[in-house]
Amino acid sequence: MANQPQNQQEIKIELTPEVAKGNYCNLAMIAHGPNEFFMDFINVAPNMNPARVQTRVIMTPENAKQLLNALAENVQRYEKSFGEIKPRKPKQQPENPFNGIPNPFGNA
């Protein structure tokens, strides 16, 4: 690492098999206080109430901004390789004929 400053040490990172599996999440909720950002990553599924928080990440404001910049950079790289990411519009769900009672057979 020729361009690395001399006072900066290499960080070794361990990824255990349990963590390497990851958690699927399709919703994120973000809140903040004066000293931290709280990010809850949630898996929402039909007829699964309540939705369950899979992972909570707490960061300093400085680290949250670094994450924002890194994510923006990676989205740009992704779109350069695979094309623009277009937001999907939610599909309209038909009225539930069971008046709020979940259909045990799913949506047919």
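The residues of the chain are indexed from 1 along the displayed sequence. Hydrogens, waters and symmetry mates play no part in the numbers below; they use all other heavy atoms, side chains included.
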> If two hydrophobic side chains count as joined below 4.5 Å and joins carry through other members, does Leu68 share a cluster with Val75?
Replying inline: no
> Ignoring hydrogens and geometry, is there a side-chain-to-backbone donor-acceptor pair from Gln54 to Tyr24 under 3.5 Å?
Replying inline: no
>> Nearest 0.5 angstrom please: Met39 CE to Thr55 OG1, how far?
In response: 11.5 Å
> Without hydrogens or angle criteria, can the side chains of Asn63 and Gln66 be said to hold a donor-acceptor pair below 3.5 Å?
Replying inline: yes
> Between OG1 of Thr60 and NE2 of His32, what distance do you get to the nearest 0.5 Å?
Replying inline: 13.5 Å
> When clusters are formed by joining ILVMFWY residues with side-chain heavy atoms under 4.5 Å apart, either directly or through shared neighbours, do Met29 and Phe41 land in the same one?
Replying inline: no
> How far does NZ of Lys86 sit from CD of Glu79, to the nearest 0.5 angstrom?
Replying inline: 10.5 Å
> Could you go step by step and tell me if Phe37 and Ile30 meet the side-chain contact (heavy atoms from CB on, under 4.5 Å) rule?
Replying inline: CA-CA 7 Å; Phe37 274 74; Ile30 302 172; 4.1 Å; yes
>> Ignoring hydrogens, what is the shortest heavy-atom contact between Asn35 and Pro61? Give both atom names and the distance.
In response: O-CD, 3.2 Å
>> For a 4.5 angstrom cut-off between non-hydrogen side-chain atoms, does Phe38 reach Glu36?
In response: yes
>> Using 0.5 Å steps for rounding, measure from the CG atom of Asn69 to the CG atom of Asn74.
In response: 11.0 Å
>> Assess the residue pair Asn26 and Asn43 against the criterion (side-chain contact (heavy atoms from CB on, under 4.5 Å)); give the C-alpha distance rounded to whole Å, side-chain angles, the decisive distance to 0.1 Å, and a yes or no.
In response: CA-CA 5 Å; Asn26 54 9; Asn43 182 1; 4.1 Å; yes
> Looking only at heavy atoms, what is the nearest atom pair of Met48 and Arg52, with distance?
Replying inline: CE-N, 4.2 Å
